[in-house]
Amino acid sequence: MVIVDDALLLALLAQQEGVSEALLITGVEDGEVFTTGAWYWRLARVLARPGRGALSRALAASSEDERRRVHHALDQLPAGIGLLSMRRLVPVMAALPGQLNLLTAEAVAAAVVLGARIAVSTASPLLDAAASSVDVIVDVVALN
């Protein structure tokens, strides 16, 4: 199982070539891919109101077909991409050591609950430290 960040979620929903292989995913429909509410919301927000950040640039660089697929998928997240309830995650988040922001705590807690890895497009020292403290592996996946 793998928890993907917003940029990887964008690439998966857009069905960009090579992303599944880069994540070593056998198929989204197998239910092995999850994201977090924070990453899902950040992608939905960028789709609704593009800005100047990396996610907005990635969306702008996508083809019209890819943007249409992402827009449709964000209206109703595909069943093959899991999303855990905060009811389940908050107790785990609260037990994590250190001072963590919501995004980091949610990702690490989801990985703990699922026994999953976390895949991100950009390294984060805070995420790395929090994940390491509970033996969760974080992989940085380069998107082309």
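Please read these numbers as outputs of a predicted model, since none were measured by experiment. As a basis for the values below, the full set of heavy atoms in this structure was taken, side chains included, without hydrogen atoms, waters or symmetry mates.
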Extract all donor-acceptor atom pairs below 3.5 Å that involve side chains of residues 94-102 and protein atoms in other chains or at least two apart in sequence.
residue	atom	partner	partner atom	Å
Asn101	OD1	Leu103	N	3.4
Asn101	OD1	Thr104	N	2.7
Asn101	OD1	Thr104	OG1	2.9

For residues 38-49, dump all side-chain donor-acceptor pairs below 3.5 Å to protein atoms at least two apart in sequence or in another chain.
residue	atom	partner	partner atom	Å
Tyr40	OH	Leu74	O	3.1
Arg42	NE	Asp6	OD2	2.6
Arg42	NH2	Asp6	OD2	2.8

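Across Val136 and Ala111, no two heavy atoms sit closer than the pair CG1-CB, 3.6 Å. For the pair Ala130 and Ser133, the tightest heavy-atom approach, listed with the atom from each and the gap, is O-OG, 2.7 Å. Here the shortest heavy-atom pairing between Leu8 and Ala119 reads CD1-O, 3.3 Å.
By the 4.5 Å heavy-atom criterion applied to side chains, Pro78 and Leu13 are counted as neighbours. Residues Val70 and Leu10 meet the side-chain proximity criterion, which asks for heavy atoms closer than 4.5 Å. Annotation: side chain of His72 is not in contact with side chain of Arg68 (no heavy-atom distance under 4.5 Å).
Tested against Val4, the residues Ile81, Thr36, Leu12 include a single side-chain contact (heavy atoms from CB on, under 4.5 Å) partner, Leu12.
A search for side chain to side chain contact (heavy atoms under 4.5 Å, CB included) contacts involving Asp135 returns nothing, not counting sequence neighbours. A search for side chain to side chain contact (heavy atoms under 4.5 Å, CB included) contacts involving Ala7 returns Asp5, Leu55, Ser121, Leu143, not counting sequence neighbours. Qualifying side chain to side chain contact (heavy atoms under 4.5 Å, CB included) partners for Ser85, counting only residues two or more places apart in sequence or in other chains: Arg87. Partners of Val92 by side chain to side chain contact (heavy atoms under 4.5 Å, CB included), not counting sequence neighbours, listed by chain and number: Ala109, Val112, Val113.
A distance of 5.0 Å separates CG of Leu127 from CD1 of Ile118, quoted to the nearest 0.5 Å. Distance check, rounded to the nearest 0.5 Å: CD1 of Ile3 to CD of Glu106 gives 9.5 Å. To the nearest 0.5 Å, atom CG of residue Leu114 and atom CE of residue Met1 are 5.5 Å apart. Atom-to-atom distance recorded for Arg67:CZ and His71:NE2 is 12.0 Å, nearest 0.5 angstrom. Here the CD1-CG distance, from Ile137 to Asp139, works out to 7.0 Å after rounding to the nearest 0.5 Å.
Checked by atom type and distance alone, the side chain of Glu32 never pairs as donor or acceptor with a backbone atom of Val2 at under 3.5 Å.
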Let's go through Val138 and Val120 carefully: what are the C-alpha distance in whole Å and the side-chain angles of both, what is the deciding distance for side chain to side chain contact (heavy atoms under 4.5 Å, CB included) to 0.1 Å, and is it a yes or a no? CA-CA 7 Å; Val138 177; Val120 294; 3.9 Å; yes
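Shown here is Gln76, whose CD atom has no more than 12 heavy atoms of other residues, nucleotides or ligands within 6.0 Å.
Connection of Met86 to Leu84 is established within a shared hydrophobic cluster, with ILVMFWY side chains joined at heavy-atom distances below 4.5 Å, either directly or through further cluster members.
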